[in-house]
Q: 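Just dropping this structure here.
Residue indices begin at 1 and follow the sequence shown. Remember, predicted model here, so these are calculated numbers, not experimental data. Start at 1 and go down the list; that is how both ligands and their atoms are numbered.
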Amino acid sequence: MVRLFLEPKQFSGESATTLTPDQLHYLRKVLRFRPGDFCVVLDGLGKAWRGVFDGERLALEALQESPGYELPISVKLACAVPKGERWEWLLQKAVELGATEIVPLQTERSVVKPQVEKLTRWQAILREAAEQCERAILPQVLAPMTLADFLAQGVMGKGLICTARGERPSLLSQRTTEPLTVLSGPEGGFSATEIAQAQVAGFQCVSLGQRILRAETAPLVALSWIGAWFEGDGWV
Ligand code: SAM
(Lines give C-alpha, C1' and ligand atoms only; values in the text may rest on other atoms or scores of the structure.)
Protein backbone atom coordinates (compact mmCIF):
# COMPACT_ATOMS: atom_id res chain seq x y z
CA MET A 1 0.00 0.00 0.00
CA VAL A 2 1.40 3.41 -0.98
CA ARG A 3 1.90 5.74 2.00
CA LEU A 4 2.22 9.53 1.81
CA PHE A 5 3.17 11.93 4.58
CA LEU A 6 1.57 15.30 3.77
CA GLU A 7 2.21 18.77 5.16
CA PRO A 8 -0.38 20.31 7.55
CA LYS A 9 -1.21 22.97 4.92
CA GLN A 10 -2.27 20.24 2.46
CA PHE A 11 -5.19 19.13 4.63
CA SER A 12 -8.66 20.68 4.28
CA GLY A 13 -9.94 19.61 7.68
CA GLU A 14 -10.17 15.83 7.78
CA SER A 15 -11.98 15.45 4.47
CA ALA A 16 -9.48 16.05 1.67
CA THR A 17 -5.92 16.99 0.82
CA THR A 18 -4.34 18.93 -1.98
CA LEU A 19 -1.26 17.48 -3.65
CA THR A 20 1.97 19.18 -4.71
CA PRO A 21 2.99 18.95 -8.40
CA ASP A 22 5.65 16.38 -7.41
CA GLN A 23 3.15 14.24 -5.53
CA LEU A 24 0.66 14.44 -8.43
CA HIS A 25 3.40 13.41 -10.84
CA TYR A 26 4.35 10.52 -8.56
CA LEU A 27 0.78 9.25 -8.27
CA ARG A 28 -0.23 9.79 -11.91
CA LYS A 29 2.92 8.99 -13.85
CA VAL A 30 5.05 6.78 -11.59
CA LEU A 31 2.33 4.76 -9.85
CA ARG A 32 -0.21 5.14 -12.69
CA PHE A 33 -2.95 6.07 -10.23
CA ARG A 34 -6.43 6.42 -11.72
CA PRO A 35 -9.46 8.05 -10.05
CA GLY A 36 -10.72 5.64 -7.39
CA ASP A 37 -7.25 4.29 -6.53
CA PHE A 38 -6.26 4.85 -2.94
CA CYS A 39 -3.30 5.15 -0.60
CA VAL A 40 -2.63 5.78 3.09
CA VAL A 41 -2.38 9.49 3.96
CA LEU A 42 -0.48 10.44 7.12
CA ASP A 43 -0.24 13.75 8.96
CA GLY A 44 3.18 12.87 10.45
CA LEU A 45 1.87 13.14 14.01
CA GLY A 46 0.29 9.68 14.22
CA LYS A 47 -3.01 10.12 12.38
CA ALA A 48 -3.76 8.32 9.12
CA TRP A 49 -6.60 8.04 6.62
CA ARG A 50 -7.43 6.16 3.46
CA GLY A 51 -6.95 8.71 0.66
CA VAL A 52 -9.05 8.11 -2.45
CA PHE A 53 -7.64 9.77 -5.58
CA ASP A 54 -10.07 11.85 -7.67
CA GLY A 55 -7.54 12.78 -10.35
CA GLU A 56 -6.41 15.96 -8.54
CA ARG A 57 -6.81 15.49 -4.80
CA LEU A 58 -7.21 12.78 -2.19
CA ALA A 59 -10.57 12.44 -0.45
CA LEU A 60 -10.03 11.21 3.12
CA GLU A 61 -11.90 8.29 4.65
CA ALA A 62 -11.48 6.49 8.00
CA LEU A 63 -8.67 3.94 7.94
CA GLN A 64 -9.43 0.49 9.31
CA GLU A 65 -5.87 -0.75 9.83
CA SER A 66 -3.11 0.53 12.16
CA PRO A 67 -1.73 3.95 11.11
CA GLY A 68 1.84 2.56 11.43
CA TYR A 69 4.40 1.20 13.83
CA GLU A 70 6.21 3.15 16.53
CA LEU A 71 8.38 2.32 19.52
CA PRO A 72 6.48 2.92 22.77
CA ILE A 73 8.90 5.75 23.74
CA SER A 74 10.31 8.67 21.77
CA VAL A 75 14.00 8.29 20.95
CA LYS A 76 16.13 11.29 20.07
CA LEU A 77 19.40 10.28 18.44
CA ALA A 78 22.13 12.93 18.63
CA CYS A 79 25.20 11.74 16.81
CA ALA A 80 28.37 12.98 15.20
CA VAL A 81 28.07 12.98 11.41
CA PRO A 82 30.28 10.29 9.85
CA LYS A 83 32.22 10.67 6.60
CA GLY A 84 30.88 10.36 3.05
CA GLU A 85 27.66 8.56 2.23
CA ARG A 86 27.52 6.95 5.64
CA TRP A 87 25.51 9.79 7.18
CA GLU A 88 22.65 9.56 4.71
CA TRP A 89 22.66 5.79 5.03
CA LEU A 90 22.57 6.19 8.81
CA LEU A 91 19.60 8.58 8.56
CA GLN A 92 17.61 6.03 6.58
CA LYS A 93 18.42 3.15 8.94
CA ALA A 94 17.76 5.22 12.08
CA VAL A 95 14.23 5.86 10.81
CA GLU A 96 13.71 2.15 10.12
CA LEU A 97 14.85 1.40 13.67
CA GLY A 98 12.42 3.85 15.28
CA ALA A 99 14.26 7.15 15.98
CA THR A 100 11.83 10.04 16.39
CA GLU A 101 14.31 12.90 16.14
CA ILE A 102 17.86 13.04 14.79
CA VAL A 103 20.37 15.73 15.70
CA PRO A 104 23.51 16.02 13.52
CA LEU A 105 26.31 16.93 15.91
CA GLN A 106 29.67 18.55 15.49
CA THR A 107 32.05 17.39 18.19
CA GLU A 108 35.67 18.11 19.09
CA ARG A 109 37.02 15.26 16.95
CA SER A 110 34.41 15.39 14.18
CA VAL A 111 35.92 14.74 10.76
CA VAL A 112 32.87 16.20 9.03
CA LYS A 113 31.28 19.61 9.62
CA PRO A 114 27.56 19.05 8.99
CA GLN A 115 26.06 21.61 6.57
CA VAL A 116 22.68 23.17 7.33
CA GLU A 117 22.09 23.51 3.55
CA LYS A 118 21.59 19.73 3.45
CA LEU A 119 18.66 19.82 5.86
CA THR A 120 15.93 19.65 3.19
CA ARG A 121 17.64 16.68 1.54
CA TRP A 122 18.05 14.91 4.89
CA GLN A 123 14.39 15.47 5.78
CA ALA A 124 13.38 13.99 2.41
CA ILE A 125 15.45 10.88 3.22
CA LEU A 126 13.61 10.58 6.53
CA ARG A 127 10.22 10.96 4.86
CA GLU A 128 10.91 8.29 2.24
CA ALA A 129 12.27 5.89 4.86
CA ALA A 130 9.27 6.51 7.13
CA GLU A 131 6.84 5.84 4.28
CA GLN A 132 8.68 2.69 3.26
CA CYS A 133 8.92 1.11 6.73
CA GLU A 134 5.37 2.07 7.77
CA ARG A 135 6.05 4.57 10.51
CA ALA A 136 3.02 6.42 11.88
CA ILE A 137 5.07 9.45 12.95
CA LEU A 138 7.31 11.39 10.61
CA PRO A 139 10.73 11.67 12.33
CA GLN A 140 12.46 15.04 12.17
CA VAL A 141 16.10 15.92 11.54
CA LEU A 142 17.19 19.12 13.27
CA ALA A 143 19.69 21.72 12.07
CA PRO A 144 23.27 20.67 12.88
CA MET A 145 24.70 21.95 16.16
CA THR A 146 27.77 21.60 18.30
CA LEU A 147 27.77 19.12 21.15
CA ALA A 148 28.19 22.05 23.56
CA ASP A 149 25.03 23.75 22.24
CA PHE A 150 23.15 20.49 22.36
CA LEU A 151 24.15 19.82 25.97
CA ALA A 152 23.22 23.39 26.93
CA GLN A 153 19.59 22.56 26.04
CA GLY A 154 19.49 20.03 28.88
CA VAL A 155 18.12 16.50 28.65
CA MET A 156 14.40 15.70 28.75
CA GLY A 157 13.73 12.24 30.13
CA LYS A 158 16.64 9.81 30.19
CA GLY A 159 20.01 10.56 28.54
CA LEU A 160 22.56 7.93 27.55
CA ILE A 161 25.98 8.52 26.00
CA CYS A 162 27.57 5.61 24.15
CA THR A 163 31.25 5.45 25.06
CA ALA A 164 33.54 2.92 23.50
CA ARG A 165 35.80 2.36 26.49
CA GLY A 166 35.77 2.18 30.27
CA GLU A 167 33.49 0.73 32.92
CA ARG A 168 29.89 1.25 31.87
CA PRO A 169 26.66 -0.68 32.12
CA SER A 170 25.25 -2.20 28.96
CA LEU A 171 22.62 -0.13 27.19
CA LEU A 172 20.56 -3.34 27.22
CA SER A 173 20.15 -3.00 31.00
CA GLN A 174 18.86 0.60 30.83
CA ARG A 175 15.26 0.05 29.73
CA THR A 176 13.05 3.04 30.43
CA THR A 177 9.54 4.21 29.71
CA GLU A 178 10.68 7.86 29.67
CA PRO A 179 11.55 9.77 26.50
CA LEU A 180 15.13 8.88 25.65
CA THR A 181 18.09 10.76 24.19
CA VAL A 182 21.09 8.79 22.92
CA LEU A 183 24.45 10.39 22.14
CA SER A 184 26.96 8.69 19.85
CA GLY A 185 30.40 9.94 18.85
CA PRO A 186 32.59 10.52 15.78
CA GLU A 187 35.28 8.33 14.20
CA GLY A 188 37.82 9.48 16.80
CA GLY A 189 35.39 9.14 19.72
CA PHE A 190 34.24 11.72 22.26
CA SER A 191 37.04 13.44 24.19
CA ALA A 192 37.26 12.87 27.95
CA THR A 193 36.11 16.48 28.44
CA GLU A 194 33.04 15.95 26.27
CA ILE A 195 32.10 12.80 28.16
CA ALA A 196 32.49 14.66 31.47
CA GLN A 197 30.34 17.56 30.15
CA ALA A 198 27.65 15.14 29.01
CA GLN A 199 27.63 13.50 32.42
CA VAL A 200 27.22 16.91 34.09
CA ALA A 201 24.30 17.54 31.72
CA GLY A 202 22.66 14.31 32.97
CA PHE A 203 23.84 11.69 30.48
CA GLN A 204 24.89 8.26 31.72
CA CYS A 205 27.71 6.34 29.97
CA VAL A 206 26.63 3.05 28.41
CA SER A 207 28.29 0.24 26.50
CA LEU A 208 27.27 -1.44 23.28
CA GLY A 209 29.60 -4.38 23.92
CA GLN A 210 33.37 -4.83 23.93
CA ARG A 211 34.09 -4.31 20.25
CA ILE A 212 34.75 -0.79 18.94
CA LEU A 213 31.95 -0.06 16.52
CA ARG A 214 32.24 2.44 13.69
CA ALA A 215 30.63 5.84 14.07
CA GLU A 216 27.73 4.82 11.80
CA THR A 217 27.32 1.36 13.37
CA ALA A 218 27.10 2.38 17.03
CA PRO A 219 23.90 4.51 16.81
CA LEU A 220 22.17 1.77 14.86
CA VAL A 221 23.15 -0.89 17.38
CA ALA A 222 21.88 1.43 20.13
CA LEU A 223 18.52 1.81 18.38
CA SER A 224 18.26 -1.95 17.78
CA TRP A 225 18.92 -2.66 21.43
CA ILE A 226 16.34 -0.06 22.47
CA GLY A 227 13.85 -1.88 20.22
CA ALA A 228 14.82 -5.11 21.99
CA TRP A 229 13.77 -3.58 25.35
CA PHE A 230 10.18 -3.73 24.14
CA GLU A 231 10.24 -7.06 22.32
CA GLY A 232 7.47 -9.22 23.70
CA ASP A 233 5.49 -6.21 24.97
CA GLY A 234 3.09 -6.65 22.10
CA TRP A 235 4.07 -3.54 20.14
CA VAL A 236 5.72 -5.58 17.36
N1 SAM B 1 38.67 5.40 19.05
C2 SAM B 1 37.39 5.82 19.50
C3 SAM B 1 37.28 5.71 21.02
O4 SAM B 1 38.07 5.02 21.61
O5 SAM B 1 36.34 6.30 21.57
C6 SAM B 1 36.34 4.97 18.83
C7 SAM B 1 35.18 5.75 18.43
S8 SAM B 1 33.91 4.81 17.70
C9 SAM B 1 34.58 4.49 16.11
C10 SAM B 1 32.66 5.97 17.38
C11 SAM B 1 31.61 6.13 18.44
O12 SAM B 1 30.78 4.99 18.47
C13 SAM B 1 32.09 6.28 19.86
O14 SAM B 1 32.42 7.63 20.16
C15 SAM B 1 30.91 5.80 20.68
O16 SAM B 1 29.97 6.83 20.82
C17 SAM B 1 30.35 4.71 19.79
N18 SAM B 1 30.81 3.37 20.12
C19 SAM B 1 31.58 2.57 19.35
N20 SAM B 1 31.76 1.37 19.94
C21 SAM B 1 31.09 1.41 21.11
C22 SAM B 1 30.86 0.46 22.14
N23 SAM B 1 31.39 -0.75 22.10
N24 SAM B 1 30.11 0.84 23.19
C25 SAM B 1 29.57 2.07 23.25
N26 SAM B 1 29.74 3.00 22.30
C27 SAM B 1 30.48 2.67 21.23
Side-chain angles (χ1 to χ4, degrees), residues 71 73-115 118 122 125-126 129 139 141-176 178-231:
L71 290 172
I73 58 170
S74 68
V75 183
K76 183 187 288 200
L77 175 66
C79 63
V81 175
K83 276 188 289 194
E85 294 168 354
R86 294 172 186 188
W87 172 243
E88 294 191 356
W89 182 84
L90 164 55
L91 288 176
Q92 184 191 64
K93 303 301 160 206
V95 171
E96 291 171 35
L97 291 167
T100 33
E101 200 168 71
I102 300 173
V103 189
L105 287 183
Q106 192 179 352
T107 68
E108 217 174 277
R109 297 183 187 150
S110 283
V111 182
V112 172
K113 181 168 189 246
Q115 305 293 322
K118 294 276 179 71
W122 294 341
I125 292 172
L126 265 59
V141 54
L142 304 193
M145 64 181 84
T146 62
L147 177 64
D149 285 345
F150 180 75
L151 293 178
Q153 294 177 353
V155 56
M156 267 241 312
K158 184 162 178 160
L160 301 176
I161 175 166
C162 301
T163 51
R165 292 170 201 282
E167 283 285 311
R168 14 33 358 135
S170 167
L171 180 143
L172 268 180
S173 68
Q174 299 299 307
R175 180 184 156 132
T176 180
E178 289 180 86
L180 181 68
T181 302
V182 177
L183 277 171
S184 191
E187 286 82 345
F190 289 118
S191 69
T193 309
E194 287 176 321
I195 293 172
Q197 286 165 343
Q199 286 174 308
V200 169
F203 285 83
Q204 186 189 339
C205 293
V206 286
S207 163
L208 300 169
Q210 296 305 323
R211 287 180 294 273
I212 308 288
L213 306 172
R214 282 188 181 250
E216 71 278 16
T217 314
L220 300 180
V221 170
L223 288 170
S224 317
W225 286 13
I226 290 160
W229 288 345
F230 304 104
E231 265 284 337

Q: Tabulation required: pairs of a nitrogen or oxygen in ligand 1 and a protein nitrogen or oxygen under 3.5 Å; columns are atom names and distance to 0.1 Å; otherwise 'none'.
A:
from	atom 1	to	atom 2	distance (Å)
ligand 1	4 (O)	Arg165	NE	2.7
ligand 1	16 (O)	Cys162	O	2.6
ligand 1	16 (O)	Gly185	N	2.8
ligand 1	20 (N)	Leu213	N	2.9
ligand 1	23 (N)	Gly209	O	2.7
ligand 1	23 (N)	Arg211	O	2.7
ligand 1	24 (N)	Thr163	O	3.4
ligand 1	24 (N)	Leu208	N	2.8

Q: Starting at SG of Cys79, measure out to CH2 of Trp87 and round the result to the nearest 0.5 Å.
A: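 Going from the SG atom of Cys79 to the CH2 atom of Trp87 covers 4.5 Å.
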
Q: Say whether, by atom type as modelled, one donor and one acceptor occur between the side chain of Thr146 and the main chain of Gln106 under 3.5 angstrom.
A: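 Side chain of Thr146 to backbone of Gln106, a donor-acceptor pair under 3.5 Å: no, none is there.
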
Q: Please list, chain by chain and in numerical order, all residues satisfying side chain to side chain contact (heavy atoms under 4.5 Å, CB included) with Leu126, sequence neighbours excluded.
A: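 Partners of Leu126 under the side chain to side chain contact (heavy atoms under 4.5 Å, CB included) test: Leu91, Val95, Ile102, Gln123, Pro139, Val141.
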
Q: Got a sec, which pairs hit salt bridge (Lys or Arg N to Asp or Glu O under 4.0 Å) with one end in residues 98-109, sequence neighbours left out?
A: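 Checked against salt bridge (Lys or Arg N to Asp or Glu O under 4.0 Å) - neighbours excluded - the pairs reaching residues 98-109 are Lys76-Glu101.
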
Q: Could you grab the distance from atom CD1 of Ile161 to atom CG of Leu151, nearest 0.5 Å is fine?
A: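 Nearest 0.5 Å value for the CD1-CG distance: 7.5 Å.
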
Q: Name the atoms and distances for all side-chain donor-acceptor pairs under 3.5 Å in residues 197-223, with sequence neighbours left out.
A:
from	atom 1	to	atom 2	distance (Å)
Ser207	OG	Gly209	N	2.8
Ser207	OG	Gly209	O	3.4

